[in-house]
Amino acid sequence: MFVDSFKISHVLVLIFAFTLLDSQSLKLNSAPEIDDSLTYLWPLPVEFTSGNGTLSVDPGLSLDVAGQGGNSGILREAFDRYRRIVFKHSGGVSVFDRLWGRRSVYDISKLKVIVDSDSEELQLGVDESYTLFVAKNDGQSIIGEATIEANTVYGALRGLETFSQLCAFDYETKSVLVYKAPWYIRDKPRFAYRGLLLDTSRHFLPINVIKQIIESMSYAKLNVLHWHIIDEQSFPLEVPSYPNLWKGSYTKWERYTVEDAYEIVNFAKVRGINVMAEVDIPGHAESWGTGYPDLWPSPSCTEPLDVTKNFTFDVISGILADMRKIFPFELFHLGGDEVNTDCWSSTLHVKQWLQERNMTTKDAYQYFVLKAQEIAISKSWTPVNWEETFNTFAANLNPRTIVHNWLGSGVCPKAVAKGFRCIFSNQGVWYLDHLDVPWDKFYTAEPVEGINDISKQELVLGGEVCMWGETADTSNVQQTIWPRAAAAAERLWSKRDAVSTGNITLTALPRLQYFRCLLTRRGIQAAPVANKYARSPPSGPGSCYVQ
């Protein structure tokens with residue numbers, strides 16, 4: 001069959017044009033322009049200068065330590081960990097050097113880390129400051145090629161994270177490079193408390209998943225894992241003093257042993273992260289009665305816990321005594337939120353107990369919370385309670401209480417005005433399970449909003465993003481956490497004026513996209529930044545850096 005050659009040529013031209021157009025559009029999506037005026041470090045350091053040079057980093061990079069804390073095992077383990085991250089493409093040795101016997105000359109062949117203190121105690125307010133200097137050794141500088149100096153090993157950890165972010169693998173030269181050198185960075189966190197809540201009651205998370213989340217927290221310089229272990233749905237933790245409690249777990253395969261908990265605490269510590277445990281009482285505790293039904297006021301009134309029985313407080317004391325051996329952090333969360341006391345007033349023996357003491361159910365709620373606080377304080381813990389306790393009976397709370405905001409704005413100003421310390425977690429902007437809250441809402445939330453007195457601002461310890469687990473399990477928890485948690489992490493670390501000025505779509509979004517891709521390169525399942533709902537998949541083909 002004869003086909004018009006003129007028509008064929010026109011079809012071929014159109015096909016070529018569409019192919020070219022499509023390839024160009026794909027190229028635009030896959031190769032975004034990097035704005036050299038931005039600093040691609042997350043969170044943004046407090047003070048820094050950079051240049052326009054490029055330095056090569058020896059794949060055999062060695063650690064040179066000094067100072068009283070230079071021999072810390074935490075430091076050496078961290079160096080090995082970051083060395084694997086930075087040199088993951090070469091395993092630390094260039095294939096060309098190995099196969100051809102070549103001896104390359106590198107600008108940076110060692111990293112010197114000076115740690116002034118040999119103390120490895122990790123508590124709230126530990127010094128996390130550091131300085132980092134990266135330059136070509138010209139033989140004249142008294143400072144080495146790459147030097148981190150910190151007062152504590154935990155400051156050194158933060159410096160190592162920053163150094164790792166400066167190091168970039170160049171695929172053409174197959175080498176690790178530091179751009180915009182020389183670098184001088186002086187850095188410290190704005191807030192002492194920079195947390196992430198993880199809920200393992202609504203869905204069980206295996207310990208290896210919890211470890212992955214802890215690891216990812218260290219990349220964003222978060223420093224407190226608030227472990228909401230237990231709730232009304234399940235009681236997965238082993239309590240040796242009351243071994244039937246974990247009968248309240250979903251199944252016998254969804255539990256944490258004492259050894260598991262201890263392992264998580266120590267895994268976190270060597271990354272500079274405290275673990276704050278939570279036992280939410282007297283509400284959110286129905287699962288306790290599976291193992292000990294006497295903790296329920298009645299079979300039809302399964303929470304709040306029975307306020308009338310000494311046994312209830314004996315169990316609480318036993319739990320806290322066992323947990324004190326595992327969790328060294330000075331803060332302990334006692335919950336106290338969403339306590340519906342209706343069934344107390346309809347349960348005969350509780351009603352009688354209240355009448356004998358001339359107490360209302362509101363009085364009994366206060367009595368329970370204050371008695372639990374006394375138990376925690378007797379075990380050298382500082383109690384943290386959700387804001388309902390402050391909203392209901394602020395005048396009677398122990399003055400050491402840390403008020404944890406969650407219901408909305410305005411609570412921290414009221415709490416600090418009365419002399420209480422506060423943690424900011426406004427659910428409208430920092431609840432990760434609220435999938436319709438975009439990254440910029442996380443980024444612009446301000447923990448000290450409405451507090452003008454500097455002395456009162458200092459009572460705000462910091463803030464915490466909350467990963468409630470009703471709709472998140474191992475399959476999607478990390479996509480729900482990241483990258484929005486990183487937006488809050490920079491707010492908590494960096495200077496307020498640095499992250500509150502200018503157009504954040506231009507100053508912060510490209511950097512957050514870059515950090516999200518850094519997380520994915522490190523094996524963290526971080527969701528795209530620019531999607532309508534958190535943890536939504538990409539909308540189509542394109543570069544990681546524009547999604």
Side-chain angles (χ1 to χ4, degrees), residues 122-125 191-193 195 197-199 201 223-231 237 239 241 261 265 274-285 288 303-305 307 312-339 362-407 411-412 414-425 447 458-464 466:
L122 181 62
Q123 287 294 352
L124 183 68
F191 290 103
Y193 187 109
L197 178 146
L198 198 61
D199 173 9
S201 172
N223 71 345
V224 179
L225 175 71
H226 174 180
W227 190 5
H228 187 88
I229 310 174
I230 300 154
D231 211 290
L237 181 67
V239 179
S241 296
V265 168
N274 280 298
V275 179
M276 178 179 68
E278 179 179 359
V279 173
D280 197 348
I281 47 179
H284 289 280
W288 298 36
E303 63 180 23
L305 296 171
V307 68
T312 301
F313 296 98
D314 290 342
V315 172
I316 292 171
S317 183
I319 293 171
L320 297 190
D322 286 352
M323 295 179 93
R324 199 66 180 103
K325 299 170 186 174
I326 303 169
F327 298 96
F329 190 39
E330 66 193 74
L331 306 188
F332 191 91
H333 208 301
L334 292 168
D337 63 314
E338 297 181 319
V339 180
K362 180 180 176 181
D363 295 331
Y365 167 42
Q366 174 183 300
Y367 168 83
F368 199 115
V369 168
L370 298 184
K371 195 171 176 83
Q373 285 192 336
E374 289 175 7
I375 295 171
I377 291 169
S378 73
K379 301 182 189 311
S380 301
W381 259 320
T382 297
V384 184
N385 283 96
W386 294 109
E387 69 175 73
E388 285 95 326
T389 58
F390 172 79
N391 296 340
T392 309
F393 44 88
N396 295 316
L397 276 177
N398 188 290
R400 293 174 60 181
T401 303
I402 296 171
V403 178
H404 195 166
N405 151 250
W406 75 277
L407 283 171
V411 173
C412 282
K414 293 175 184 176
V416 300
K418 292 184 179 295
F420 290 102
R421 290 177 291 173
C422 191
I423 295 170
F424 175 88
S425 289
E458 291 174 353
L459 293 176
V460 178
L461 299 179
E464 171 181 294
C466 298

Q.
One pair to check against side chain to side chain contact (heavy atoms under 4.5 Å, CB included): V224 and F329. What are the steps and the verdict?
A. CA-CA 10 Å; V224 179; F329 190 39; 4.2 Å; yes
Q) What's the verdict on side chain to side chain contact (heavy atoms under 4.5 Å, CB included) for T312 and W288, showing C-alpha distance, side-chain angles and the deciding distance? A) CA-CA 10 Å; T312 301; W288 298 36; over 6 Å; no
Q) When you look at W386 and H333, which way does the ring-ring contact (aromatic ring centres under 6.0 Å, His included) test go after all the steps? A) CA-CA 8 Å; W386 294 109; H333 208 301; 4.7 Å; yes
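Put simply, the side chain of Q123 gets close to the backbone of P328: a donor and an acceptor are under 3.5 Å apart. Under a 3.5 Å cut-off, the side chain of Y365 and the backbone N or O of G336 do form a donor-acceptor pair. Under a 3.5 Å cut-off, the side chain of D231 and the backbone N or O of D280 do not form any donor-acceptor pair. Under a 3.5 Å cut-off, the side chain of S425 and the backbone N or O of W406 do not form any donor-acceptor pair. Panel note: side chain E387, backbone L407; a donor-acceptor pair is recorded below 3.5 Å.
In this structure, the side chains of V384 and E278 stay at 4.5 Å or more apart for every pair of heavy atoms. Contact check for S317 versus K379: side-chain heavy atoms found under the 4.5 Å cut-off. Here the side chains of M276 and Y193 are in contact, with some heavy-atom distance below 4.5 Å.
Using bins of under 30°, 30° to 60° and over 60° for the plane-to-plane angle, the ring pair F332/W381 lands in the tilted bin. Classification of the F368-F313 ring pair by plane angle, with boundaries at 30° and 60°, yields tilted.
Summarising the local packing, NZ of K418 is surrounded by 12 or fewer heavy atoms from other residues, nucleotides or ligands at distances under 6.0 Å.
Residues N385 and T401 have side chains that never bring a donor and an acceptor to within less than 3.5 angstrom of each other.
In this structure, CZ in R400 is found 10.0 Å from CD in Q373, a value given to the nearest 0.5 Å. Here the OG1-CG distance, from T389 to N398, works out to 11.0 Å after rounding to the nearest 0.5 Å.
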